[in-house]
Undergrad: 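Submitted below is the structure of interest, expressed as structure tokens.
Since this is a predicted model, take the numbers as computed values, not measurements. Quick note: numbers below take in every heavy atom, side chains included, and nothing from hydrogens, waters or symmetry partners. Throughout, numbering of the chain's residues begins at 1 and tracks the sequence.
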Amino acid sequence: MPEISIIIPCRNEAANLPLLLDEIGAAMAGRDFEVIVVNDGSTDETASVLAAQAVLRPFPLRHLRHEKSAGQSLSVRSGAWAAHGDIVATIDGDGQNDPKYLPVLVDALRQAGPDFGVAQGQRLKRRDSKIKQLASRFANWLRKAILHDETRDTGCGLKAIHTDILRKLPFFDGTHRFVPALVIQEGYRVVHCDVVDRSRRHGKSNYGIFDRGLQGVLDLAGVWWLRRRRRRMPKTEEIRHG
């Protein structure tokens with residue numbers, strides 16, 4: 001079984017996947033890993049591209065397909081339950097996340113010790129439009145002020161998290177933006193790694209600013225309610241006698 005499962009949620013990213021897989025292979029050289037691409041209802045050539053790539057790659061390349069698009073968070077959920085590795089690392093399929101940070105995040109999580117549940121990437125030098133950057137900054141400020149999740153940027157797709165912890169998290173359309181808060185709720189801490197963002201190579205973003213703004217506010221209210229109504233999960237150990 002591989003030690004690390006790299007999950008790539010994607011929708012209509014056929015043009016970006018081959019180079020992204022090249023970069024992942026180079027970044028993870030010498031490590032025991034698998035790649036799980038979750039094809040979230042793509043209508044382009046993603047399926048045929050993955051079929052061709054699976055033959056070429058020296059590492060296991062698995063293709064999970066959603067019949068209909070379910071969103072990024074539920075794509076990560078599908079990958080998490082299919083993962084064979086003890087650690088899941090996530091990366092977006094559009095090429096804006098640089099795979100060279102995958103081993104950095106995995107090593108940071110391992111070195112942080114058992115009290116830490118996730119290594120969260122935090123983007124520097126954002127390549128999005130100015131209006132998108134301003135919207136993201138406001139959303140991150142609001143989320144941090146309400147949830148106190150100790151994280152500057154939770155929207156970054158680069159994360160490394162223990163698989164068993166990831167599977168415990170509640171999943172909804174938007175979970176990926178609240179992973180640090182939800183991991184803290186489970187009784188673990190968060191380690192942060194700065195990463196440098198890149199420009200998208202091909203295609204266009206599947207997620208706009210205004211179409212997810214209201215949903216993001218509702219999600220934030222839901223996570224706030226969850227944290228208010230549920231105590232932080234205790235760490236449990238069995239005490240054996242005799």
Undergrad: So, Asp153 and Arg123, do they make that salt bridge, N to O below 4.0 Å?
TA: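 Looking at Asp153 and Arg123, the cut-off is met.
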
Undergrad: Should Arg31 and Asp107 be marked as a salt bridge (charged side-chain N to carboxylate O under 4.0 Å, His left out) after you check the CA-CA gap, both sets of side-chain angles, and the distance that decides it?
TA: CA-CA 11 Å; Arg31 295 175 184 248; Asp107 291 345; 2.9 Å; yes

Undergrad: Okay, side chain of Asp40, backbone of Ala70: is any donor-acceptor separation there less than 3.5 Å?
TA: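 Yes: the side chain of Asp40 pairs with the backbone of Ala70.
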
Undergrad: So, does Tyr101 use its side chain to make a donor-acceptor pair with the main chain of Val196 at under 3.5 Å?
TA: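 Looks like yes, one N/O pair under 3.5 Å.
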
Undergrad: Take Thr43 and Asn12, measure what side chain to side chain contact (heavy atoms under 4.5 Å, CB included) needs, and give me the verdict at the end.
TA: CA-CA 6 Å; Thr43 57; Asn12 295 334; 3.4 Å; yes

Undergrad: Using modelled atom types only, decide if a donor and an acceptor are shared between the side chain of Arg198 and the backbone of Gly95 within a distance under 3.5 Å.
TA: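 Checking the backbone N and O of Gly95 against the side chain of Arg198, a donor-acceptor pair under 3.5 Å is found.
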
Undergrad: Treating Ile, Leu, Val, Met, Phe, Trp and Tyr as nodes and any side-chain heavy-atom pair under 4.5 angstrom as an edge, say whether Val104 and Ile4 lie in one connected cluster.
TA: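 No; tracing contacts between hydrophobic side chains, which count when under 4.5 Å, never links both residues.
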
Undergrad: Is there a donor-acceptor contact under 3.5 Å from the side chain of Ser48 to the main chain of Glu45?
TA: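 At least one qualifying donor-acceptor pair exists.
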
Undergrad: For the CZ atom on Arg167, are there more than 12 heavy atoms of other groups (residues, nucleotides or ligands in this structure) within a distance under 6.0 Å?
TA: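 Yes, CZ of Arg167 has more than 12 neighbouring heavy atoms, counting only those of other groups under 6.0 Å.
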
Undergrad: Evaluate Ser5 against His84 for side-chain hydrogen bond (donor to acceptor under 3.5 Å, both in side chains), listing each step before the verdict.
TA: CA-CA 6 Å; Ser5 295; His84 293 147; over 6 Å; no

Undergrad: Would you kindly say whether His162 and Asp86 are connected by a side-chain donor-acceptor distance under 3.5 Å?
TA: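 Distance-only check fails for His162 and Asp86.
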
Undergrad: Applying a strict under-4.5 Å side-chain criterion to I, L, V, M, F, W and Y, I'd like to know whether Ile87 and Phe59 cluster together.
TA: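 Per the 4.5 Å side-chain linkage, Ile87 and Phe59 are co-clustered.
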
Undergrad: Check the pair His63 / Asn39 against side-chain hydrogen bond (donor to acceptor under 3.5 Å, both in side chains), numbers first and verdict last.
TA: CA-CA 7 Å; His63 176 192; Asn39 175 5; 3.3 Å; yes

Undergrad: Of all the heavy-atom pairs spanning Asn97 and Pro99, show the shortest one and how long it is.
TA: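 That would be O-CD, 3.4 Å.
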
Undergrad: Keeping the roles fixed (side chain from Ser75, backbone from Gly71), state whether a donor-acceptor pair exists under 3.5 Å.
TA: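 Confirmed, Ser75 side chain pairs with Gly71 backbone.
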
Undergrad: Decide yes or no on side chain to side chain contact (heavy atoms under 4.5 Å, CB included) for Ile8 and Ile36, but give the supporting numbers first.
TA: CA-CA 6 Å; Ile8 308 175; Ile36 303 173; over 6 Å; no

Undergrad: Are any of the side-chain nitrogens in Asp94 or Arg11 under 4.0 Å away from the carboxylate oxygens of its partner?
TA: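 No, Asp94 and Arg11 are not salt-bridged.
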
Undergrad: Is the shortest distance from a Lys or Arg side-chain nitrogen in Glu34 or Arg57 to a carboxylate oxygen in the other one below 4.0 Å?
TA: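 Judged by the 4.0 Å cut-off on N to carboxylate O distance, Glu34 and Arg57 do not form a salt bridge.
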
Undergrad: Before giving the answer on side chain to side chain contact (heavy atoms under 4.5 Å, CB included), spell out for Leu105 and Leu109 the whole-Å C-alpha distance, their side-chain angles and the decisive distance to 0.1 Å.
TA: CA-CA 6 Å; Leu105 289 161; Leu109 180 60; over 6 Å; no

Undergrad: Quick check: does any side chain N or O of Thr163 sit under 3.5 Å from a backbone N or O of Gly85, one acting as donor and the other as acceptor?
TA: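 Yes, Thr163 side chain to Gly85 backbone: donor-acceptor pair under 3.5 Å.
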
Undergrad: Just by distance, do the side chain of Arg177 and the backbone of Ser73 share a donor-acceptor pair under 3.5 Å?
TA: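 Checking the backbone N and O of Ser73 against the side chain of Arg177, no donor-acceptor pair under 3.5 Å is found.
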
Undergrad: Mark yes or no for whether Asp44, through its side chain, and Glu13, through its backbone, hold a donor-acceptor pair below 3.5 Å.
TA: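 It does hold such a pair.
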
